[in-house]
Amino acid sequence: MNDVTSDNGNGSGDSAGKRIIVFGAGGRVGRAAVAEAVARGHHVTAVVRDPAKYPDLAGTGAAVVGGDATDPDAVAALAAGHDAAVNASARLDIPSEQYFTAAARALVTGLRKAGVGRLVVLGIATTLETAPGTRLMDAPEFPAEWWAFAQGHVAEFELLTAEAGEELDWLMVVPPLDLNPEAPVTGGYRTAVGTVLDGPGRIAHGDLARAIVDEIDGPRHSRVQLAVAVRRSPAEPGPAR
């Protein structure tokens, strides 16, 4: 487990000025990622299915465009010239496994065609292990109605593992169960690879966005599930990046 205090949130540093494309920019996590990347001085393309439904995104400093994360040709066209991509998109009107595997396959195909080398996707806490070989979603008391959605992210991870190849360096960032839009932003977070973090199982959208953009500015993890959660105390120090 690592405690991280991000020092990149003011747009300073050598990493500023990248071109980042965010799919699913209209959702809470997508919006937070857009805001964080723009604040660091990056050039951000915010992709939503219908830009007319998100007029407020135009005021974020990002270029807002329409696009479909499950269309490899659209991904390739929109992502051309970018350094990295974020996928925070989701659909609740079609089966989870169908959507997330379609998006993962389109992103792998489209980003490779566009020459984009880094992809950070948003995962879900229920797929993390609580013990070796045992995930939260494997527990007997796990609600049956949640299982299919969780399985969509499992299938997404498996597809990325099998098909991304060496050209696309990808990472799945996984927030805890309590992803709270009203939680205070601390400027830091804890991480663990593939396992549920002990301690407070929550994080603010702003801190999650820091974790996502940190892994674009200075990638430290690759081809794994990276669990993130709030530090045990807002005052708890962590190593500077």
Side-chain angles (χ1 to χ4, degrees), residues 4 6-11 13 15-49 51 53-54 56-69 75 78-79 82-91 100 103-104 107 110-111 116-125 153 156 160 168-176 179-189 191 202-221 225-230 241:
V4 178
S6 173
D7 62 355
N8 291 322
N10 58 8
S15 61
K18 289 186 177 181
R19 293 183 61 83
I20 301 173
I21 185 166
V22 180
F23 293 90
R28 286 175 173 172
V29 175
R31 287 173 182 272
V34 167
E36 180 69 18
V38 168
R40 297 190 191 193
H42 296 308
H43 307 285
V44 180
T45 300
V47 183
V48 293
R49 281 185 286 164
K53 294 182 177 180
Y54 304 95
D56 56 311
L57 278 177
T60 63
V64 184
V65 299
D68 181 356
V75 170
L78 292 170
H82 289 77
D83 301 297
V86 175
N87 184 29
S89 67
R91 291 279 297 271
F100 287 114
L107 287 162
L111 294 178
V116 177
R118 180 66 165 170
L119 168 65
V120 180
V121 302
L122 182 68
I124 190 171
H153 284 287
E156 175 189 27
L160 288 169
L168 183 62
D169 184 26
W170 62 273
L171 175 69
M172 180 175 281
V173 171
V174 185
L179 179 55
N180 190 341
E182 298 180 0
V185 175
T186 69
Y189 50 88
T191 66
R202 64 180 185 277
I203 197 168
H205 284 78
D207 287 331
L208 176 61
R210 284 176 179 264
I212 290 170
V213 182
D214 279 351
E215 284 288 345
I216 291 174
D217 282 347
R220 298 198 303 166
H221 301 87
Q225 286 185 302
L226 183 68
V228 297
V230 70
R241 288 190 55 86

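A donor-acceptor pair under 3.5 Å is absent between the side-chain atoms of D207 and the main chain of Y189, judged by distance alone. Side chain of E215 to backbone of H221: a donor-acceptor contact under 3.5 angstrom is found. Looking at R31, its side chain does come within 3.5 Å of a backbone N or O of G26 through a donor-acceptor pair.
Two residues are said to be in side-chain contact when any heavy atoms from C-beta on lie closer than 4.5 Å; K53 and V48 fail this criterion. Residues H153 and Q225 form no side-chain contact, since every pair of their non-hydrogen atoms from C-beta on lies 4.5 Å or further apart. Between L171 and R118, the closest side-chain pair of non-hydrogen atoms falls below 4.5 Å. At least one side-chain heavy atom of E156 sits less than 4.5 Å from a side-chain heavy atom of N87. Contact annotation: the side chain of H42 approaches that of V213 to within less than 4.5 Å [non-hydrogen atoms, C-beta and beyond]. Looking only at side-chain heavy atoms (C-beta outward), F23 and V75 come within less than 4.5 Å of each other.
Contact record, V116 with L168: O-CD1, 3.4 Å, taken as the closest heavy-atom pair. A pairwise comparison of heavy atoms in V64 and A58 identifies CG2-N, 3.9 Å as the closest pair. Summarising the geometry of P51 relative to V65, their closest heavy-atom pair is CG-C, 3.7 Å, with the distance given to 0.1 Å. The minimum heavy-atom distance between L78 and G67, with the atom names listed, is CD1-CA, 3.8 Å. Closest heavy-atom contact between V185 and R210: CG1-NE, 4.4 Å. Contact between A88 and V29 at its shortest, heavy atoms only, is CB-CG1, 4.2 Å.
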* Decide side chain to side chain contact (heavy atoms under 4.5 Å, CB included) for L208 and E36; before the verdict, give the C-alpha distance in whole Å, the side-chain angles of both, and the deciding distance to 0.1 Å. => CA-CA 10 Å; L208 176 61; E36 180 69 18; over 6 Å; no
Next item on the list: Begin with the C-alpha distance, continue with both residues' side-chain angles, and end with the deciding distance and a verdict on side chain to side chain contact (heavy atoms under 4.5 Å, CB included) for I20 and D83.
Entry: CA-CA 6 Å; I20 301 173; D83 301 297; 5.8 Å; no
| task | With side chain to side chain contact (heavy atoms under 4.5 Å, CB included) as the test, would you mind laying out the steps for I212 and V228 before giving the verdict? | result | CA-CA 10 Å; I212 290 170; V228 297; over 6 Å; no
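A distance of 3.0 Å separates OG1 of T45 from NE2 of H82, quoted to the nearest 0.5 Å.
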